[in-house]
Amino acid sequence: MASSNYTCLSRAQLTFEYLHTNSTTHEFLFGALAELVDNARDAAATRMDIYTVRNEDLRGAFMLYFLDDGDGMDSFEAASVIQFGKSAKRAPESTQIGQYGNGLKSGSMRIGKDFILFTKKEDTMSCVFLSRTFHEEEGIDEVIVPLPTWNSKTREPMTDNPEKFAIETELIYKYSPFKSVSAVMEQFDKIKERSGTLVIVYNLKLMDNGEPELDVTSDPTDILMAGAQLEGVKPERRSFRAYTAVLYIDPRMRIFIQGHKVRTKRLSCCLYKPRMYKYTSNRFKTRAEQEVKKAEHLMKVAEEKAREEESKARALVAKMGGDLSREARVHLRQVQDSAFNLHREAEVKKCLYEAKLRALKEPKEMSFIFGVSIEQRDLDGMFIYNCSRLIKMYEKVGPQLEGGISCGGVVGVVDIPYLVLEPTHNKQDFADAKEYRHLLKSMGEHLVQYWKDIGIAQKGIVKFWDEFGYLSANWNQPPSHEVLYKRRRAMEIPTTIQCDKCLKWRTLPYRVDDVGKEYADNWNCSVNPDHMQNRCEAPEQKQNVPVGLLRRDVKSHEEKIRAQEKKLEALKKNIPVLSQADIKKLPLEVRSRPLSEDQSSPGSSHRPRSPPLADIIKNAPSQPPSKAQGLLRKASATRSTSKVESSHTSISSKRAVATPGRAQHRPSASIKQNVVSSRTAAQPCTSTRHSAPMSTSTKNSPIKGAKTPQHRKETPTRTAQSAGMRKRNVTVESSEEDEEEERPRVSAKVCESKRLKKEIADVVEISDSGGEVEEETGALKDRGLLVEVKVNKEWYTGRVTAVAASKQLVRWKVKFDYVPTATTPRDRWVEKGSADVRLMKPASPEYQSPDTLGGEEEDNAAETGSTSDSARMEPDTTQPATSKETVDSLVVSLRNTLRYFLPPNYRISKEELSLMTPEELASFPLVRFGHEAEMKAQFTSLIKKYSRN
């Protein structure tokens, strides 16, 4: 139904205040200027001139010109410019940037208060005048836009209403800088081609100090952001020339600022060792779902129109009856043809809807391109484009977020189709924040893969940057401009330049004389030294970018079991399991797990299994050996025996009270229970009543000859309860009696484990707090050093967080900035001065910012010596700690074992045993009694093995 039928009803009107409100969407001023550049690009312009003209009578004292040679607009197209939200470019498959019909108005009103547009197309010349000054002085609340049109050949007005034309031109002469017809025609003459557009923004917005927001005087070849610039601001945020250079992922338009050509870039051609990664995901559905809903709505509307027209045709046939006049037949045929056309249109829209519905289920594919910025390593991060237009720049992902120099200097580029992610109206962000975060996460994963593929970490990060002239420790410092380093960088990144005539990109061959050469603005293919590419007719060569593949780390079976055990422990801490109802609350993978061997056997369902020797070694404490180790030895000798014995006595007495029907253990079983307690004391313990189920590999590797403590036969009730627990596949307390029996035993083990952990931690605390050991050696100054450590043939950067010293050596605890896999340790004890440690920067008590990380090769040589990479021994990262740490933990375990099993009147006392060295312990003559001798033999062989390493 036509809108003319509702002329008497109220309408929503665009008020004058909306012009200002609409402009505030542009927080980034260069983003507002880029809106006018985008319009020229969408109009197929090949040249865009941006310049300023002085005019002291206007606010800001200059006008800003945007001139292009695009398609231009006729009077009808120019009229659509002043309609907010209307755009002829809006289409799902469109590659044009404009989608909202708002960029010209919001961008120009953000720069200044007024703009005037001159456009030519074919035989028409039109002018669009949007002035807030006019509205303010006239006191008009509605938005009024004069739009006069002239004939481009005769320069005569083209109008059916001369009065309207006269009012429009009079307003332009009064409120614009052009006060006459001749002045207006001079602006049309600046459009040299048959078509094109000129936009002039004036009465510019000012800062609080009265100066314009744009600085056009400091650099006569550029437009800068006015005001004091903070340190570390990227060049694209203070220079409009730098911003337009990377504004499009594949520039096909020459841009001139203040008469000087912008050296536009194809970022992928400006990077060292570029590599492409294909990325496919089903997560990006928001934009596609919107298109499906829109297509469904259009389909239903078309079907409804077709049904109405068909119904109208049937009604007309019934009404005609026997009337066979010519006029009646013509009218019927027209209605039937209209119904047929509407039905066909409905079918087309239905097919379109079904196609979009199918596309919704298909995964979206994108290409990530990564490369190293060796020209300016501090300009790293991700450049994210939408339909070839820059949306976000310098986005940090993956390891770059952690502040270290791992993956530093790497630039990523991705162009996102409009159907995948939709940009916001100001084209500075994306509308769906959740999907955008998922994109950044995926780019971070691919960035880690790229870092592995190019092998910088294996070579050494500091050494890599030294090759390209980065000799300063400050990350933000530019590289050396010596000829040697300039040639080195030029060899890796060939010059890629755009022809000024055909706009094709050409890659120039490397020549020593061309290093540092400045090319003319009008460079063209005829001066190309490559004879295969010295003609504009020659096809453009595609960039040969290697394709990489993301390799995800597959967790081993043991790692999966370990993760499940941690999850189970966390659940046990937070969820009490006291009844069958509590069991149902647990996750399925926890409820369905089978019991371990010791849990499923009668009489031992509540007794934690003693860990085998492999677990003792694996979970041994990882502190470095030092003089403070004597404190641990003496404390272990005096405190461990008494506490364990008293704990066992307490447990036995309480068990006898709690279960009067159960006989006491035999003496040999009691002694062996103490052995189990001493071995398990070194293991981390929790406050829960049950231990996590052991892994398969652990369960099948008990100590050779170990005996399980013997128990009396259980009562029938007890046996039935154990069988019931086995049937449910969970460890649940069956009565208050079991709970009372179990609590003392777990409590004693918790206390014993905490005590040993505290004694072990004392050694590290003495080292960390700068105690006697560090004061004697003067090693406290080493804390805070930036170093590189070689692990698995790769160099990782980190910082010294703790120091431990002895008479023979000094050891550093290095916390790494970033490690790529879960198998690589987050920190590591290393020996100072070894071949696998390189100093990066002098010691500093305070942590430095990530931008100041770096290193000097001279310092590395002084600290580590000049040994070649090939001669260095690679550390064994399959062990949980270094060999010294393992030996130390084994010695402690062996000493504790010997103390418990020495005969009462043996010739060596327990105090003397505590002071014996590892070598003396290894040769200690022990009478073979029981299985303890075999255990001691295993410890001895392990000590000798690790001592040799």
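- When each of Phe368, Tyr394, Tyr248 is checked for a ring-ring contact (aromatic ring centres under 6.0 Å, His included) with Phe383, only Tyr394 meets the rule.
- Residue Lys294 holds its NZ atom at 7.0 Å from NZ of Lys356, rounded to the nearest 0.5 Å.
- Put simply, CD on Glu193 and CD1 on Ile191 are 10.5 Å apart, with the number rounded to the nearest 0.5 Å.
- Contact annotation: the side chain of Tyr175 never approaches that of Arg132 to less than 4.5 Å [non-hydrogen atoms, C-beta and beyond].
- Looking at Met366 and Phe284, their side chains come closer than 4.5 Å, going by heavy atoms from C-beta outward.
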Could you pull out all donor-acceptor pairs under 3.5 Å where a side-chain atom in residues 68-78 meets a protein atom, sequence neighbours excluded?
{"residue": "Asp68", "atom": "OD1", "partner": "Gly70", "partner atom": "N", "Å": "2.8"}
{"residue": "Asp69", "atom": "OD1", "partner": "Thr46", "partner atom": "N", "Å": "2.9"}
{"residue": "Asp69", "atom": "OD1", "partner": "Arg47", "partner atom": "N", "Å": "3.0"}
{"residue": "Asp69", "atom": "OD2", "partner": "Thr46", "partner atom": "OG1", "Å": "2.7"}
{"residue": "Asp74", "atom": "OD1", "partner": "Phe76", "partner atom": "N", "Å": "3.2"}
{"residue": "Asp74", "atom": "OD1", "partner": "Glu77", "partner atom": "N", "Å": "2.8"}
{"residue": "Glu77", "atom": "OE1", "partner": "Asp74", "partner atom": "N", "Å": "3.1"}
{"residue": "Glu77", "atom": "OE1", "partner": "Lys121", "partner atom": "NZ", "Å": "3.3"}
{"residue": "Glu77", "atom": "OE2", "partner": "Lys121", "partner atom": "NZ", "Å": "3.3"}

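- To the nearest 0.5 Å, the span separating CG on Leu67 from CD on Gln187 amounts to 10.5 Å.
- Inter-residue side-chain proximity for Gln543 and Trp505 is flagged as unmet; no heavy-atom pair is nearer than 4.5 Å.
- The OH atom of Tyr385 sits 7.5 Å away from atom CG of Leu247, with the distance rounded to the nearest 0.5 Å.
- Atoms CG and CG, from Asp189 and Leu198 in turn, are 11.0 Å apart once rounded to the nearest 0.5 Å.
- Leu104 is listed as a side-chain neighbour of Leu36, based on a closest heavy-atom distance under 4.5 Å.
- When atom types are taken as modelled, the side chain of Glu168 and the backbone of Leu147 share a donor-acceptor pair closer than 3.5 angstrom.
- In this structure, Phe129 has no ring-ring contact (aromatic ring centres under 6.0 Å, His included) partners at least two apart in sequence or on a different chain.
- Considering CG of Leu439 and CG of Asp432, their distance stands at 11.0 Å, rounded to 0.5 Å.
- Applying the salt bridge (charged side-chain N to carboxylate O under 4.0 Å, His left out) rule to Lys278 yields no partners; only residues at least two apart in sequence or on another chain are considered.
- Ring centroids of Tyr243 and Phe28 are separated by less than 6.0 Å, placing the two rings close together.
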Do Glu236 and Lys265 pass the salt bridge (Lys or Arg N to Asp or Glu O under 4.0 Å) test, and can you show the C-alpha distance, the side-chain angles, and the key distance before you say yes or no?
-> CA-CA 13 Å; Glu236 288 80 5; Lys265 303 177 183 177; 5.4 Å; no

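- Using a 4.5 Å heavy-atom threshold, the side chains of Glu213 and Leu204 count as separate.
- For the pair Glu304/Lys300, no side-chain contact is recorded, criterion being any heavy-atom separation below 4.5 Å from C-beta on.
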